[in-house]
Amino acid sequence: MVSENPFAIFRFECKNVLEEAIKKLFPKVEITRLALEKPPNPDFGQLASSLCFELAKSVNEKPAVLAERMVKTIDKSKFSLIEHAASAGGGYINFYVDFAKFSALVIQSIGQLNKEYGFVKTEKPLKIIVEHTSVNPLHPIHIGQARNPILGDAIANMFKAMGHKVSRHYYIDDVGRQTAVIAYGYKKLGKPKPEGKPDHFIGRIYTITSCLIEINRLKKELEKAKKTAINEEVTKINRELDEWMSVAVELKGRFPELFEKLLNEISKDEDPENEVNKLNQAYEEGEEAAKGLIREVSELCLQGFRETLGRAGVFYDSWDWESDFVWNNSVTEALKKLKKTPYVFVLGGVLEFDAEKAVKELNLKQKLGLREDYEVPSLTLMRADGTTLYTTRDIAYTLWKFERADKFINVIGMEQTLAQLQLKIALHALGYGEKADNFVHFAYNLVTLPGYKMSSRRGRYITFDEVMDEAVERAYKEVAKRSPQLSENEKKKIAEFVGIGAVRYALVEVDPSKPVVFTWDRVLNFEKNSAPYIQYTHARACSILRKAERKPENPAYGLLKERIENQIVLDLANFPEVFVEATDFLKPNMIADYANTLSDKFNTFYNALPVIKAEPKELSDARLALVDAVRIVLRNTLNLLGILAPEKM
RNA sequence: GGGCCCGUAGCCCAGCACGGAUUAAGGCGUCGGCCUUCGGAGCCGGAGAACGUGGGUUCAAAUCCCACCGGGCCCGCCA
């Protein structure tokens with residue numbers, strides 16, 4: 001017999017016998033929800049019901065007495081996977097699984113389903129677009145942003161494993177002043193060939209150029225303020241200017257040549273800020289020269305991103321340019337449609353979307369989880385000069401997505417919660433209620449550095465590349481220490497997947513809603529609760545299977561009587577439910593946690609009990625099959641998280 | 001001022017959505033053990049927790065409700 005979810009069978013059986021017993025004893029009592037829980041201790045069985053505590057009131061009996069009566073009433077002839085039921089703890093009913101049968105079911109199911117074990121298929125496969133990463137092409141991806149692709153990739157893997165058709169999208173935000181800043185600096189430098197990795201090169205140009213422009217602007221403002229002689233204003237500008245001057249000094253120290261060149265060239269312009277604005281506007285209007293220039297710098301940056309993300313094992317099905325939606329008039333079209341709704345008004349030459357009014361009239365407060373008295377701020381759709389804003393363009397982009405899928409996951413930091421909410425409301429207002437209901441903002445909390453905030457504008461950040469380099473280097477030292485006999489090539493290969501695995505694990509392990517303070521020892525952990533620990537455990541399991549040099553021909557699963565063996569079987573059986581829950585609640589960290597716990601138990605087992613040499617041979621065979629099952633499940637969990645499961649390391 | 005998120009041992013972190021059992025699960029660090037078996041990136045055992053505070057609901061609260069405190073984020077003709 002094979003089951004894709006063995007524990008569910010046990011649960012179902014327990015529920016059935018319990019329901020029957022209730023019906024027999026109290027035909028009139030209605031039980032609305034019968035939840036079985038997992039007891040805190042294996043001594044209390046594998047599933048328990050606290051139903052008697054509740055029932056005690058309505059039937060006027062003590063919970064303990066009630067539980068005892070229930071256990072006696074339970075129809076034991078219906079038992080298959082249940083070994084026995086008992087009352088305990090003053091009112092609980094505990095169900096004990098028959099491990100002889102259960103182990104056979106679990107281990108055989110895993111062996112059969114193999115790469116599919118745990119991945120309970122959805123009854124209704126959907127087309128799902130997961131948009132993630134979408135880092136603006138301005139500078140290298142830094143460690144704060146790296147949490148996004150790692151979470152997004154894991155989520156996409158999970159939906160895919162569930163049987164959905166998943167498409168991974170990267171939204172390239174190339175419209176806006178920031179890309180124009182780079183293009184401006186890049187042009188001033190005479191469109192040089194990148195030195196080193198292109199995104200790092202672009203990042204340097206961006207930081208220096210924007211710093212110089214900022215200083216130029218502040219100096220002008222200072223002059224003006226001095227004339228009008230408002231002291232407070234002068235002091236404020238001076239303070240800001242001081243800060244940017246110190247950034248400039250820092251940048252000059254780090255990149256003297258580039259800094260000098262840019263300073264020289266930019267100084268030639270009377271009003272660099274205006275040059276940037278002009279460029280930005282020309283780009284939005286689709287003017288050829290601007291198009292060529294900005295696309296060129298953006299592409300350079302993206303080239304670096306592809307390298308970085310590819311190294312981390314993250315890939316995309318579609319790269320969507322924001323500018324395309326401007327140029328092909330989708331944004332204008334969307335705006336036109338929005339204007340026809342009663343929620344758009346003009347205020348001082350500016351087009352506004354009255355999100356609050358839309359929410360009220362469309363009755364969305366409850367649906368969107370908003371407080372009744374909370375007023376959603378309105379959203380500016382179009383500037384006085386006729387250019388659009390980010391969220392407006394995102395509306396057009398989302399409408400495009402709506403034509404291509406059923407469900408939409410946006411992996412975007414929680415600082416954008418309001419913008420995402422306004423976007424969703426706008427979609428409802430446009431009449432896409434059903435699709436909008438399937439529009440999910442997967443918000444995760446920020447990654448910060450201890451002591452200071454990462455600032456890409458100031459060039460203060462730790463790049464994802466640096467972190468991976470460091471991790472791989474550290475992993476290399478470990479490999480060299482542990483396995484000096486390996487060839488240089490092998491060592492490097494192992495160091496790569498160990499280092500990258502460690503980084504991915506560190507970024508996915510914490511509950512997405514919790515903030516993370518980046519520290520090196522968080523990502524450089526190769527011991528317990530890390531990818532290397534799980535990879536190592538997997539390799540260990542493979543090693544046993546290799547050394548055994550035989551298949552388990554005649555396993556007697558009933559001989560797996562040790563407590564740790566039972567616990568492993570139980571954990572293995574739980575994987576499908578963990579997977580479903582983790583996917584439904586968008587919590588890939590649950591998968592990481594599960595894999596770590598299973599590894600823990602396996603290592604305890606490994607240390608305590610022999611496998612190959614176990615006697616009799618039927619026990620050895622059963623243990624071999626158990627090891628194989630652990631191997632399969634560990635590999636499946638690592639695959640979900642995008643971490644390599646090596647057979648040797 | 002308003003809204004959202006977070007607050008569990010020295011540090012990190014699970015459990016909270018769906019309230020349950022003696023003993024709140026792990027990791028790092030710390031103290032002490034294990035090279036007799038299949039990979040020591042390992043295993044076993046100590047010590048270490050007012051579950052932010054105060055109320056409330058309940059037979060039962062880390063978990064639900066209310067208030068407060070501390071940290072973060074957002075409330076732009078930025079993205």
Side-chain angles (χ1 to χ4, degrees), chain A residues 33 35 37 39-41 43-44 48-50 53-54 56-57 62-63 88-92 94 136 138 173 175-179 322 347-352 369-371 373-377 379-385 387-391 393-394 413-419 421 443-446 448 475 478-479 481-483 498 509-511 513-517 519 521-522 525-530 532-537 539-548 581 584-585 589-590 593 596-597 599-600 603-614 623-624 627 648-649:
Chain A
R33 216 191 67 230
E37 60 214 54
N41 184 317
D43 291 340
F44 303 145
S49 167
S50 55
F53 292 97
E54 248 175 281
K57 276 172 287 179
K62 281 194 172 164
Y92 289 94
N94 295 337
N136 297 1
L138 310 170
D173 186 8
V175 181
R177 233 184 62 96
Q178 302 174 79
T179 36
E322 186 180 16
L347 185 77
V350 167
L351 210 59
E352 290 277 324
L370 302 170
R371 280 185 170 222
D373 53 354
Y374 173 67
E375 248 187 72
V376 186
L379 170 75
T380 304
L381 294 167
M382 198 168 84
R383 297 187 185 93
D385 68 3
T387 54
T388 55
L389 283 100
Y390 176 79
T391 308
R393 300 189 292 267
D394 210 354
M414 59 155 233
E415 71 276 10
Q416 294 209 43
T417 304
L418 177 59
L421 175 70
Y444 60 93
N445 215 314
L446 299 176
T448 53
E478 290 290 316
V479 181
K481 200 169 69 193
R482 291 165 207 278
S483 324
V498 166
E509 170 224 13
V510 181
D511 186 321
S513 70
K514 300 212 180 188
V516 165
V517 177
T519 54
D521 50 338
R522 191 188 275 276
N525 174 25
F526 295 168
E527 292 175 12
K528 283 187 93 161
N529 197 17
S530 75
Y533 176 65
I534 299 162
Q535 289 172 316
Y536 178 74
T537 309
R540 243 184 174 180
C542 291
S543 172
I544 294 178
L545 297 167
R546 211 165 35 235
K547 291 236 163 81
E581 209 174 312
D584 285 350
F585 291 99
N589 58 305
M590 285 180 67
D593 197 61
N596 184 55
T597 306
S599 299
D600 239 345
N603 283 316
T604 297
F605 162 81
Y606 177 91
N607 214 261
L609 304 166
V611 176
I612 298 169
K613 289 179 188 162
R623 284 191 180 151
L624 268 177
V627 171
K648 287 180 187 175
M649 66 184 267

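Computed from heavy atoms alone, side chains included, the values below leave out hydrogens, waters and symmetry copies. All of these numbers come straight from a predicted model, not from anything done at the bench. Letters A, B, ... are given to chains in the order of the sequence lines, protein chains preceding strands, and every chain is numbered from 1.
To the nearest angstrom, C1' of B/G15 lies 12 Å from CG of A/Asn589. Across the protein-nucleic acid pair, A/Glu37 atom CD and B/G15 atom P stand 17 Å apart, rounded to whole Å. With rounding to whole Å, A/Asp173 atom CG is found 6 Å from B/A79 atom C1'. Whole-Å rounding puts the A/Phe605 CZ to B/G42 C1' distance at 15 Å.
Taking the nucleotide of RNA chain B with the nearest heavy atom to each of A/Met649 and A/Gln416, the more 5' of the two is matched to A/Met649. When each of A/Arg540 and A/Asp373 is assigned the nucleotide of RNA chain B with its nearest heavy atom, A/Asp373 is the one assigned upstream, toward the 5' end.
In this structure, A/Ala384 reaches the bases: a heavy-atom distance under 4.0 Å links it to at least one base atom across the strands shown. Across all strands shown, A/Val175 has heavy atoms under 4.0 Å from sugar-phosphate atoms exclusively, and none from any base. In this structure, A/Gly348 reaches the bases: a heavy-atom distance under 4.0 Å links it to at least one base atom across the strands shown. Using a 4.0 Å heavy-atom distance criterion, A/Gln535 is classed as making no nucleic acid contact. Residue-level contact check: A/Asp394 touches neither bases nor backbone, having no heavy atom under 4.0 Å from any strand. Residue contacts shown for A/Ser50 include a base, since a base heavy atom lies under 4.0 Å away. Within the nucleic acid shown, A/Leu389 comes within 4.0 Å of sugar-phosphate atoms alone, with no base atom in reach, counting heavy atoms only. Residue A/Tyr374 is classed as a sugar-phosphate contact, given heavy-atom separations below 4.0 Å to backbone atoms only. Within the nucleic acid shown, A/Met382 has no heavy atom closer than 4.0 Å to any nucleic acid atom. Counting non-hydrogen atoms under 4.0 angstrom, A/Pro39 reaches a base of the nucleic acid. Residue A/Ile612 is in base contact, counting any heavy-atom pair closer than 4.0 Å across all strands shown. Here A/Pro377 lies in heavy-atom contact (under 4.0 Å) with sugar-phosphate atoms only. Within 4.0 Å (heavy atoms only), A/Val627 reaches no atom of the nucleic acid at all. As judged by a 4.0 angstrom heavy-atom cut-off over every strand, A/Ala539 is placed among the base-contacting residues.
Distance from the side chain of A/Tyr533 is smallest to B/C43 among B/C43, B/G27, B/G72. For A/Leu446, counting side-chain heavy atoms from C-beta on, the closest listed nucleotide (B/C73, B/C77, B/C59) is B/C73. In the set B/A79, B/C59, B/G27, the nucleotide with an atom closest to the side chain of A/Asn529 is B/G27. Looking at the side chain of A/Met414, the nearest of the listed nucleotides B/C78, B/U22, B/C73 is B/C73. Out of B/G42, B/C38, B/A79, the shortest distance to the side chain of A/Glu322 is found at B/A79. Comparing B/C38, B/C6, B/G3 by their nearest atom to the side chain of A/Pro515 picks out B/C6. Taking every side-chain heavy atom of A/Pro40 into account, B/A21 is the closest of B/C43, B/C75, B/A21. Comparing B/G42, B/C43, B/A21 by their nearest atom to the side chain of A/Asp600 picks out B/C43. The side chain of A/Phe44 sits closest to B/U22 out of B/C5, B/U22, B/G72. The side chain of A/Glu415 lies closest to B/C74 when the candidates are B/C6, B/C74, B/C59.
Using a 4.0 Å cut-off, no side-chain N or O of A/Thr391 falls inside it from OP1 or OP2 of B/A79. Under 4.0 angstrom from either OP1 or OP2 of B/C28 there lies no side-chain N or O belonging to A/Lys528. The phosphate of B/C59 has neither OP1 nor OP2 within less than 4.0 Å of any side-chain N or O from A/Lys62. Contact annotation: A/Ser513 reaches the phosphate of B/C6 (side-chain N/O to OP1 or OP2, under 4.0 Å). Within the 4.0 Å cut-off from OP1 or OP2 of B/C38, not a single side-chain nitrogen or oxygen of A/Arg546 is found. Taking side-chain N and O atoms only, A/Arg522 has a distance below 4.0 Å to OP1 or OP2 of B/C13. Note on A/Arg393: a side-chain N or O is less than 4.0 Å away from OP1 or OP2 of B/A79. OP1 and OP2 of B/G2 both lie 4.0 Å or more from every side-chain N or O belonging to A/Arg371. For the OP1/OP2 pair of B/G76 and a distance below 4.0 Å, the side-chain nitrogens and oxygens of A/Arg177 include no atom meeting the criterion.
Nucleotide B/C28 forms a pair with B/G10, judged by Watson-Crick or G-U wobble geometry with both contacts under 3.5 Å. Nucleotide B/C68 forms a pair with B/G52, judged by Watson-Crick or G-U wobble geometry with both contacts under 3.5 Å. In this structure, B/C35 forms no base pair with any nucleotide, since neither Watson-Crick nor G-U wobble geometry is met with both distances under 3.5 Å. Across all strands shown, nothing is found opposite B/A47 as a Watson-Crick or G-U wobble partner with both distances under 3.5 Å. Using N1 to N3 plus N6-O4 or O6-N4 for Watson-Crick, or N1-O2 and O6-N3 for G-U wobble, each under 3.5 Å, B/U63 pairs with nothing. With a cut-off of 3.5 Å on both Watson-Crick or G-U wobble distances, the partner of B/C18 is given as none.
Going from the C1' atom of B/C77 to that of B/A14 covers 46 Å, rounded to whole Å. Look at the P atom in both B/A24 and B/G46: the space between them is 14 Å, to the nearest Å. Taking atom C1' in both B/A62 and B/U53, one finds a spacing of 14 Å when rounded to whole Å. When the C1' atom is compared between B/C43 and B/G26, the two are found 16 Å apart, to the nearest whole Å. If you take atom C1' in B/G29 and the same atom in B/C11, they sit 8 Å apart, rounded to whole Å. Spacing between B/C16 and B/G76 at atom P, rounded to whole Å, works out to 36 Å.
Exactly one of A/Asn603, A/Asn596, A/Asn525 qualifies for a side chain to side chain donor-acceptor pair (under 3.5 Å) with A/Tyr533. That residue is A/Asn603.
Between the side chain of A/Asn445 and the backbone N or O of A/Lys514 there is no donor-acceptor pair closer than 3.5 Å.
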